[in-house]
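Working notes, structure below.
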Amino acid sequence: MSEHCRNRIAAHSTPLLLAGVLVVIAILVTLFGDKALARTLTETLIRVTLVVGLWIFVGNSGVISFGHAGYMAIGAYCSAWLTLRPQSKALFLPDLPTWLMEAQWHVLPAAIAGGLLAALVALVSGAAILRLTGIAAAIATFAFLAIVNTVYSNWEGVTGATSSVVGLPRYVDQWVALTWALAAILAANLYANSASGLALRATREDEVAARASGINMYRHRLWSLVVSGFFTGVSGALLGHSIGVLNPDSFYLGITFISLAMLVVGGIGSLTGAVCGVLVLSLMIELLVRAEQGVTIGEASLSLPSGTQEVVIGLVMILVLVLRPSGLTEGRELKLRLPQPRAALTHDPQTTN
Amino acid sequence: MTNLAQLFFDAASLGGLYAMAALGIALIFGVMNLVNFAHGEYIAFCVFALIVPSTDAVAVMFLGKAPALILIPLVLGIGALIAVLSEYAVFRHLRRADPVAMMVASFALGFVIRNILLAVYGGRPKAISLWPELNTPVELAGASVPLLQLIVIATTLIVVAALALLLRKTRLGLEMRAAAENFTMARLLGVRANVVITGAFALSGALAAAVALIMVTQSGVADVRVGGQIMLVAFIATVIGGMGSLPGAVAAGFLIGAVSVLLQAALPLDARPFRDAFLYTLVIVCLLLRPQGLFVPASAKPRI
């Protein structure tokens, strides 16, 4: 077996290993956990979909995007428009066009439609924003987020503005979330190892050299943003259908921060990092939230002041950036390595992409 | 129909505020390539330093009770202090990191400061009355202008002039300009890196404090979210002005202020709530036309 072939197998083993980890966690929680833990797991798996979706663009291109919460909002509202009962839409969202008003789709096509709409918006917005590079691009994605937030918080008859949209069917449990998380991981790995993904990672490492080798950076960035927008949109739809309420401000700075924090803590450079960051930070958030509610040890009841959770997460993120700038995984992937023939052992088997 | 003079004063005072916030961000970017997302939280911090820490709905003045002559230097000092402290605690350890990592770290720092404020002061906006007499209108050139607007315009001009003097005439200013041009080369030629960076942070924090004082007097509200909106505009001004160009930041701040006042006046009533969406779309268009910004400093051109 050639070295190239072994590398390919190793690269494609990553999503299977990650999927295995998530499935084991889901089964353990379902067997031994209570209802609250199952809810936390659902939330975590939705975040896996979100952060892996974010990674498809940020991880491969190296461009930080502050705009993904916008794609999330677009997916979430689209799915809400398609699945809400026509009566409640007539009441809360009177300005919807008639065909949308009467639509009452099944939840799965609605989630896919949410993702597709987000992908379409990603295509259009990305076509403009991705002509920029570096910090200007990051700021432009921020401007995009502000545009989406302004529109969705003011378009009274279509999005319900700042009064929340309520009554979404709450169908997302840990299995639905798990399925989408696995799909996102699989797609992310397929993309990252496709010709476009490899070309994009070359531009991340050295923009000039990649251009000189004939790589059209703009096209690959745009394509990855579209794929990334799709899964981010789906994660928004899932979030809406797991809590049942939508509000434009739940798709603004808070979620932007937490998703970037997860990506950075886990390690921007690898898919394993994205998943790992979600799991580590979600576990930490859950522990801190429980500590804020109070822990009873014998007679004494201890509780942390509220707000500790956010502050600690922020501090952890800063510490990781200072002490381990490339994240917990340092850009390495979890992968299966087949035994090497003797002659090849002189090579360093570590690959860091 | 609003008359022209009114429009001019609105635009100039809003632009002045934006320009001062943008200067705070551009100063730090120029010296160490850091896009400081915590700047908005410095502003919020200074606002809340005026009142007694409590989660009650009614704000009780704390520092805000002091007479203006003491209050102003004190608040500017607090702004400078929190900025310098944040450099010492966070950014000093990230000097060798790439700009993206620093940007994300500042985002995290802002998040921490914001949540500490939320925990200490509670999430509800509070009414504060700081120098209410400044909001009394004055008749000027056929427009009735709140005195504060005139003060804002004057302050901006003074701050910009003082900063220009500082940068042109003092040793610190010379070192800062050298550092903004080429930090490594400047250090090799004996520029004291720590002094320059600390100085830039102190100035930036003091500018944030000035913005905080003006905003509180104008709106009469202390809100943890106060920093978010103005920070975003300030960033955009910094980028449109050409990253690291101080005159560019000032000009772009005024430009954005003027455009948003004009949009407010010109848009039909139905579209007015969406003003910011139009503004940010214009920003993206502007970036597309001139990705390096309107005023490109020589140091920003890639050397390949």
Side-chain angles (χ1 to χ4, degrees), chain A residues 58 62-64 66 125 128-129 131-156 161 207-208 249 252-254 256-258 260-261 263-264 268 305-323 325-326, chain B residues 29 33 35 37 89-94 96-120 123 225 228-229 232-233 235-236 238-240 243 271-285 287-288 290-293 302 304:
Chain A
V58 175
V63 178
I64 291 287
F66 295 100
S125 61
I129 292 171
R131 295 197 181 275
L132 304 168
T133 54
I135 283 169
I139 300 289
T141 60
F142 212 132
F144 169 77
L145 176 62
I147 293 174
V148 173
N149 187 260
T150 314
V151 170
Y152 277 68
S153 353
N154 289 296
W155 204 357
E156 193 82 49
E207 210 179 298
V208 181
D249 279 344
Y252 202 38
L253 294 180
T256 307
F257 173 77
I258 204 75
L260 276 178
L263 199 54
V264 167
I268 271 183
S306 68
T308 318
Q309 176 233 324
E310 286 86 356
V311 173
V312 170
I313 298 295
L315 291 178
V316 165
M317 189 169 167
I318 294 174
L319 272 182
V320 167
L321 279 168
V322 170
L323 300 176
S326 38
Chain B
F29 185 85
N33 271 340
V35 179
F37 272 98
V90 177
F91 301 120
R92 179 154 299 195
H93 310 288
L94 286 167
R96 286 167 200 277
D98 72 347
V100 170
M102 283 201 286
M103 179 163 78
V104 176
S106 74
F107 198 57
L109 177 69
F111 192 73
V112 170
I113 299 178
R114 170 197 289 244
N115 279 290
I116 291 176
L117 288 177
L118 268 175
V120 176
R225 287 169 287 272
Q229 152 79 12
L232 184 54
V233 174
F235 267 129
I236 287 171
T238 322
V239 176
I240 290 187
M243 292 301 304
R272 236 170 247 186
F274 301 100
R275 183 195 73 183
D276 287 353
F278 286 103
L279 183 66
Y280 298 133
T281 312
L282 283 180
V283 165
I284 293 181
V285 171
L287 281 176
L288 289 174
R290 294 202 60 133
Q292 296 280 0
I304 297 162

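Under the 30°/60° scheme for interplanar angles, the aromatic rings of A:F142 and B:F37 are found to lie parallel.
Residues B:M103 and A:F66 have side chains in contact (heavy-atom distance under 4.5 Å, counting atoms from C-beta outward). B:I284 has its side chain within reach of A:I147: a pair of non-hydrogen atoms, C-beta onward, lies under 4.5 Å apart. A:M317 places a side-chain heavy atom less than 4.5 Å from the side chain of B:V104.
Each of A:S125, A:A128, A:P325 has some count of heavy-atom pairs under 4.5 Å with chain B, and the biggest count is that of A:A128. For the set B:L279, B:V239, B:V283, B:V285, the count of heavy-atom pairs under 4.5 angstrom toward chain A peaks at B:V239.
Neither the backbone nor the side chain of A:A261 comes within contact range of chain B; no heavy atoms are under 4.5 Å apart. Interface remark: A:A137 contributes no atoms to any contact with chain B (heavy atom separation under 4.5 Å).
Across A:A143 and B:I236, no two heavy atoms sit closer than the pair CB-CD1, 4.4 Å. B:L232 and A:A146 get closest at one heavy-atom pair: CD2-CB, 3.4 Å. For A:L321 against B:L94, the heavy-atom pair with the smallest separation is O-CD2, 3.6 Å. For B:F274 against A:V151, the heavy-atom pair with the smallest separation is CE2-O, 3.5 Å. Pairing each heavy atom of A:G314 with each of B:A108, the nearest pair is O-CB, 3.9 Å. Between B:V112 and A:L315, the shortest heavy-atom distance links the atoms CG2-N, 3.8 Å.
Going from atom CD1 of A:I313 over to atom CZ of B:F111 covers 8.5 Å, rounded to the nearest 0.5 Å.
Between the side chain of B:N115 and the main chain of A:E310, no donor-acceptor pair closer than 3.5 Å is present.
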